[in-house]
Each structure stands twice: as C-alpha cells, then as structure tokens.
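Here is the structure we will look at, set down as structure tokens.
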Amino acid sequence: MCGLCQWCQRKLGKRYKNTLDTVGTPDSSRGIRNEKKALKLPAGAKTTNATAVPGQAQSEEGDKKADQRSSVTDLVNSLTSEMLMLSPGSDEEDGHDSSGRETLGRIQFSVGYNFQESTLTVKIMKAQELPAKDFSGTSDPFVKIYLLPDKKHKLETKVKRKNLNPHWNETFLFEGFPYDKVVQRVLYLQVLDYDRFSRNDPIGEVSIPLNKIDLTQMQTFWKELKPCSDGSGSRGELLLSLCYNPSANSIIVNIIKARNLKAMDIGGTSDPYVKVWLMYKDKRVEKKKTVVMKRCLNPIFNESFIFDIPTEKLRETTIIITVMDKDKLSRNDVIGKIYLSWKSGPGEVKHWKDMISHPRTAVAQWHQLKA
C-alpha cells in the first residue's frame with residue numbers, strides 16, 4: 001500500500017475494508033531457455049552460440065475540519081493525481097487516436113561476415129520499450145533467429161524475466177557458410193514473450209535481406225519491431241466501456257461489441273464470448289463472462305459486470321479481457337486479449353486514465369485484440 005493511502009487513512013481515521021480476496025496462484029514460475037540447437041546448414045555449414053556476460057513528500061493541509069464526505073473526495077482526487085503522474089502514458093499519448101498502431105518497441109543487433117573463415121556473425125544486443133504481455137504488467141522476452149527462407153531451423157536467446165528493456169549480448173556464429181549462400185538469405189528476428197504453461201506470445205519482428213547491407217564489417221542496427229506476420233496482428237477489435245465509482249469502490253466493465261474477429265472454425269467463422277478477469281498483484285480474484293454468440297465475427301454483447309475495487313488498490317489492479325471461441329468438441333480457442341491497467345500499453349493506459357479522471361462516467365474505447 002502506498003504512503004499516500006496510509007496518510008489518507010490517518011486523515012479519515014479509519015481503514016477501508018479489503019473486499020479483494022487474493023485467491024488462485026499466478027503463473028509465476030517461468031523457466032529460462034538455456035539450451036541452443038545446432039543448425040544443419042547447407043555446404044557443411046555449422047553454427048556456434050557464444051554468449052557475452054553482460055520521496056515522494058506528502059504535504060499536510062492546513063485545514064483539517066472538513067467533514068468525512070469531503071475527506072473521501074480528497075482521497076480520490078489525490079490518488080487520481082498520483083496515478084496520472086506515475087502512469088507511463090504521456091500527455092502526448094493522450095492526444096493520439098487509440099485506433100493507431102501500438103508501439104511494439106525496438107531491438108538492437110549487429111551482423112557481419114568474415115570472408116577468411118566463411119562465418120556469418122549475428123549478435124543480439126538489447127531491446128527497449130517492449131509492450132507488457134503478462135498479468136504483472138511486464139514480459140519475459142526472448143529472441144528467435146532465422147535465416148529465411150529456412151524457418152525449420154532456428155536459434156534462440158535466453159529468456160529475460162520480467163523485463164521490458166532486456167539486455168542479451170548473445171553472439172551467434174554461422175560457421176562454414178559460403179558468402180554466395182549468405183546473400184540469398186534474409187535475417188529474421190522474432191521477439192516473443194515466454195510462457196511456461198501456454199503458447200508464447202509474439203511481441204514483434206524484424207527482417208533484413210542480407211544482400212542489402214555491407215557485410216564486410218560488423219554493422220549495428222536499431223530497428224522498430226513490427227507486428228508478427230503470423231496473423232497475430234489481425235485478431236479483430238473490441239469496444240468496451242469502463243465506469244469508476246469512487247464512493248462505491250467499484251468499476252463497471254461493459255462489453256459492448258466486437259468487429260472483424262479472426263475466424264477460428266473450419267467454416268470460416270467463430271462462436272465468440274468474452275471472459276473478464278479481475279487481477280490484483282498477479283493473483284486472480286474474480287472471473288465473469290458473457291454469453292456465446294453463435295457463428296458471428298461482429299457480435300454485439302452489451303453485457304455489464306461490476307467489480308469491487310477499493311480506491312487504494314487501483315494501482316495494482318489489472319482487468320484482463322479475453323475474447324474466446326467456443327468449441328464443443330475441443331478446447332476453446334483464444335481469439336485475442338486486452339490488458340487494462342495503469343501500466344499496460346499506450347492505448348490501454350489512456351483508457352484507464354480516462355476512467356480515473358472521469359468518475360461515474362462510462363468511458364468507451366475500441367481496443368485491438370492481441371495474441
């Protein structure tokens with residue numbers, strides 16, 4: 001609990017009732033990928049991986065004779081101001097259209113070719129400003145390395161746990177690889193969020209044709225990550241509204257409608273429904289879900305759910321929206337997800353801040369579904 005909340009509680013002379021039950025266990029134990037696979041390259045080429053080891057002061061009000069109702073208002077206003085200041089979304093981001101492309105971060109790497117040893121060297125250095133993919137508002141990123149058109153064989157960096165600005169400094173050597181073969185390849189880097197218990201989430205990708213760069217010496221590049229071309233960037237959109245009531249310590253989530261959902265069934269359609277999870281400190285607290293809409297890629301739900309959230313716990317609360325495809329004969333498929341909190345992506349942060357700054361008002365926004 002932050003110092004601001006403690007100060008406000010002393011001011012009010014009472015403690016707020018804790019209405020959140022921390023039940024369930026998060027997927028906190030994630031493994032680290034240390035193993036490396038040797039690639040079988042043409043013309044006797046081989047690869048080697050060489051890894052480099054790399055007050056807030058609170059001011060007291062002069063007049064403390066306000067009644068309890070005004071004190072509650074002060075608490076909400078103070079917490080709102082603090083959350084807006086601490087939010088990663090800037091004022092400039094607030095003016096951006098939420099329907100624009102989300103920033104996926106960027107990656108730094110270097111590449112060069114040794115003609116005497118017939119060796120292509122690729123060094124994965126670091127990444128910056130990666131989006132959060134996990135409940136905790138962070139990610140566990142790693143990088144897959146391909147030389148296209150060969151996607152069957154790949155190399156991987158280690159996983160950097162809970163890090164949106166990871167440093168890898170790992171070097172990969174493609175030894176015995178003739179230059180005339182190298183220039184026919186495309187260096188393809190895919191950044192993913194590692195998940196021990198489910199499918200890894202794609203974050204973004206970079207590709208660079210090797211015949212377009214000077215390989216006679218090591219060159220370092222900064223490249224913006226683009227949405228992965230495996231279809232993860234075209235899962236559809238969801239319109240929802242958030243309404244925060246500070247006096248009732250609650251948030252109303254209204255699932256309004258979706259459009260252009262990804263077809264998950266053989267017939268070219270889906271049977272979508274929406275799950276809403278309330279998370280607190282990475283723990284699942286409460287789940288609610290809509291009805292299933294049969295054979296529909298543009299469903300209209302208009303279902304509302306109320307979650308009890310004390311004001312002082314908003315900063316560590318995340319609401320996870322998951323659009324699912326119902327399947328009677330097999331496991332239900334995930335179409336896409338949205339993470340709403342003060343530390344999610346720019347579009348999600350904007351929606352969260354708008355909700356906090358406009359209490360008792362339903363704030364609606366379209367969100368792009370993510371893998």
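Keep in mind that this is a model prediction, so the values were computed, not measured.
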Could you check whether the rings of His367 and His351 sit parallel, tilted or perpendicular, using 30° and 60° as the cut-offs?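 The arrangement is parallel - the two ring planes meet at less than 30°.
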Using a 4.5 Å cut-off on heavy atoms from C-beta on, say whether the side chain of [Y] contacts that of [X].
| X | Y | result |
| --- | --- | --- |
| Met324 | Lys275 | yes |
| Leu147 | Leu187 | yes |
| Asp271 | Arg295 | yes |

Please say whether the positively charged group of Lys313, taken as NZ for Lys or CZ for Arg, lies over the ring of Tyr280, i.e. under 6.0 angstrom from the six-membered ring centre and within 45 degrees of the axis.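 Judged by the rule (NZ or CZ under 6.0 Å from the ring centre, within 45° of its axis), Lys313 counts as positioned above Tyr280.
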Here's one to test your reading of the geometry: is the NZ or CZ of Lys288 within 45 degrees of the ring axis of Phe307 and under 6.0 Å from its centre?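 The answer is yes, since Lys288 meets both limits relative to Phe307.
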For a salt bridge (Lys or Arg N to Asp or Glu O under 4.0 Å) check, start with the C-alpha distance between Lys370 and Glu348, then their side-chain angles and the critical distance, and finish with the verdict. CA-CA 12 Å; Lys370 304 171 187 176; Glu348 293 83 354; 2.6 Å; yes
State which residues pass side chain to side chain donor-acceptor pair (under 3.5 Å) with Ser304; sequence neighbours excluded, sorted by chain then number.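 If we apply the side chain to side chain donor-acceptor pair (under 3.5 Å) test to Ser304, skipping adjacent residues, the hits are Asn254.
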For Ser341, all residues meeting side chain to side chain donor-acceptor pair (under 3.5 Å), sequence neighbours excluded: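 Here the qualifying residues are Ser344.
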Looking only at the side chains, is there a donor atom on one of [X] and [Y] sitting less than 3.5 Å from an acceptor on the other?
| X | Y | value |
| --- | --- | --- |
| Asn332 | Tyr273 | yes |
| Gln190 | Tyr146 | no |
| Thr311 | Asn249 | yes |

Kindly say whether [Y] contributes a backbone atom to a donor-acceptor pair with the side chain of [X] at under 3.5 angstrom?
| X | Y | result |
| --- | --- | --- |
| Arg235 | Lys262 | no |
| Trp342 | Arg315 | yes |
| Asp140 | Lys162 | yes |
| Asn298 | Asn260 | yes |

Going only through I, L, V, M, F, W and Y residues with side-chain contacts under 4.5 Å, is there a path from [X] to [Y]?
| X | Y | answer |
| --- | --- | --- |
| Leu261 | Val334 | no |
| Ile213 | Leu120 | yes |
| Val323 | Val292 | no |
| Met218 | Ile208 | no |
| Ile252 | Phe305 | no |

Which heavy atom in [X] sits nearest to a heavy atom in [Y], and how many Å separate them?
| X | Y | result |
| --- | --- | --- |
| Ile335 | Pro272 | CD1-CB, 4.4 Å |
| Tyr113 | Phe177 | OH-O, 2.6 Å |
| Ala258 | Leu238 | CB-CD1, 3.9 Å |

Find the distance between CD1 (Ile203) and OG (Ser139) and round it off to the nearest 0.5 Å.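 Interatomic distance, Ile203 CD1 to Ser139 OG, rounded to 0.5 Å: 4.5 Å.
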